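Shown next, in structure tokens, is the structure this report addresses.
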Amino acid sequence: MHSFGYRANALLTFSLTILALMCAMASLSDNLNSPSPTASVKVLNINRFQKKSTGDDEVGITLDISADLQSLFTWNTKQVFVFLAAEYSTPKNILNQVSLWDGIIPAQDGAKFSIKTKNKYRFIDQGSNLRGRDFNLTLHWHVMPKTGKMFADKLVLPGFRLPESYR
């Protein structure tokens, strides 16, 4: 009645349709999850605050970062990329963001952590705009799913201030 090729084509088409439908359902099921991550960051010490020979300000900070990001994980989560950024404004730019620390969390058991660390990346402002500057530390995260679209969010931790003079 039907050739082998026709039957194989029908089976393959049906299988791929079911697979695509399952992936779409998996992706949509992530919308039912309402994560509630928590975090706190403390500046333990300002190790150095200096003006470089180029005229730029440079800050070295020791941080205490504690976070519970376990609620971001579902059965569809492959990994979570997390980073801490210092955010401040200057007369020239409304928003300046400097990444201070980052990490990749591959599984839910590593999503609750507390670390004391120095800034992994240099905190430099192009100009001498950091003396006495108020800034926020913002914890950003990007959830990378096994299937579906990636989503990102953040938690702003305000109330930090740099010293008035260089050290």
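Just so you know, residue 1 is the first one in the sequence shown, and it goes up from there. Quick caveat: nothing in here was measured; it's all calculated off a predicted structure.
Between the CG atom in Asp56 and the OG1 atom in Thr54 there is a gap of 3.5 Å [rounded to 0.5 Å]. Taken from OG1 in Thr90 to CG in Leu95, the straight-line distance is 9.5 Å, to the nearest 0.5 Å. Phe160 CZ to Lys42 NZ: the interatomic distance, rounded to the nearest 0.5 Å, is 10.0 Å. With rounding to the nearest 0.5 Å, the separation of CG in Asp134 from CZ in Arg161 is 4.5 Å. Here Lys116 contributes atom NZ and Asp64 contributes atom CG; the two are 4.0 Å apart, rounded to the nearest 0.5 Å. Rounding to the nearest 0.5 angstrom, the gap separating the CG atom in Asn96 from the CD1 atom in Ile124 is 13.5 Å.
Between Pro35 and Ser71, the shortest heavy-atom distance links the atoms CB-O, 3.5 Å. Contact between Leu100 and Ala86 at its shortest, heavy atoms only, is CD1-CB, 3.9 Å. When every heavy atom of Glu164 is checked against every heavy atom of Gly132, the shortest pair comes out as OE2-CA, 3.5 Å. Closest approach of Pro91 and Arg133 over heavy atoms only: CD-NH2, 4.1 Å. Here the closest heavy-atom approach between residue Pro163 and residue Phe49 is recorded as O-CE2, 3.3 Å. Closest approach of Ala111 and Phe73 over heavy atoms only: CB-CE1, 3.6 Å.
Checking side-chain atoms of Thr77 against main-chain N and O of Thr74 turns up a donor-acceptor pair under 3.5 Å. Side chain of Arg131 to backbone of Leu162: no donor-acceptor contact under 3.5 angstrom is found. A donor-acceptor pair is defined here as one N or O able to donate and one able to accept, closer than 3.5 Å; no such pair exists between the side chain of Lys120 and the backbone of Ser99. Within the 3.5 Å criterion, the main-chain N or O of Ile61 finds a donor-acceptor partner in the side chain of Asn119.
No salt bridge links Asp57 with Lys51; every basic N to acidic carboxylate O contact stays at or beyond 4.0 Å.
Hydrophobic clustering (side-chain heavy atoms under 4.5 Å, transitive across Ile, Leu, Val, Met, Phe, Trp, Tyr) groups Phe135 together with Tyr166. Linking ILVMFWY side-chain heavy atoms closer than 4.5 Å, directly or via other members, places Tyr121 and Leu44 in two distinct hydrophobic clusters. Grouping the Ile, Leu, Val, Met, Phe, Trp and Tyr side chains by contacts below 4.5 angstrom, directly or via other members, places Ile104 apart from Leu84. Side-chain heavy atoms closer than 4.5 Å link hydrophobic residues (I, L, V, M, F, W, Y) into clusters, and following such links, even through other members, never connects Phe83 to Leu139.
Looking at residues two or more places apart in sequence or on another chain, you find no salt bridge (charged side-chain N to carboxylate O under 4.0 Å, His left out) involving Asp153. For Asn76, the side-chain hydrogen bond (donor to acceptor under 3.5 Å, both in side chains) partners at least two apart in sequence or on another chain are Asp30.
Counting only heavy atoms from C-beta outward, the side chains of Leu155 and Pro37 never approach each other to under 4.5 Å. With a 4.5 Å cut-off on side-chain heavy atoms, Ile46 and Val59 count as touching. By the 4.5 Å heavy-atom criterion applied to side chains, Val82 and Trp101 are counted as neighbours. The closest side-chain heavy-atom distance from Phe81 to Asp102 is below 4.5 Å. Inter-residue side-chain proximity for Val43 and Leu63 is flagged as met; some heavy-atom pair is nearer than 4.5 Å. Side-chain contact check for Leu72 versus Ile105: every heavy-atom pair is 4.5 Å or farther apart. Pro145 is listed as a side-chain neighbour of Met150, based on a closest heavy-atom distance under 4.5 Å.
For the residue pair Gln97/Glu87, the side-chain donor-acceptor check at 3.5 Å is satisfied. Inspection of the Asp68 and Thr38 side chains reveals no N or O donor paired with an N or O acceptor under 3.5 Å.
Heavy atoms of other residues, nucleotides or ligands lying less than 6.0 angstrom from NZ of Lys149 number 12 at most. Counting heavy-atom neighbours within 6.0 Å of Ile94 CD1, excluding the residue itself, gives a total of 12 or less. Environment of CD in Gln126: sparse, with no more than 12 heavy atoms of neighbouring residues, nucleotides or ligands closer than 6.0 Å.
Put simply, the residue from Asn93, Asp125, Asn129 that forms a side chain to side chain donor-acceptor pair (under 3.5 Å) with Tyr88 is Asp125.
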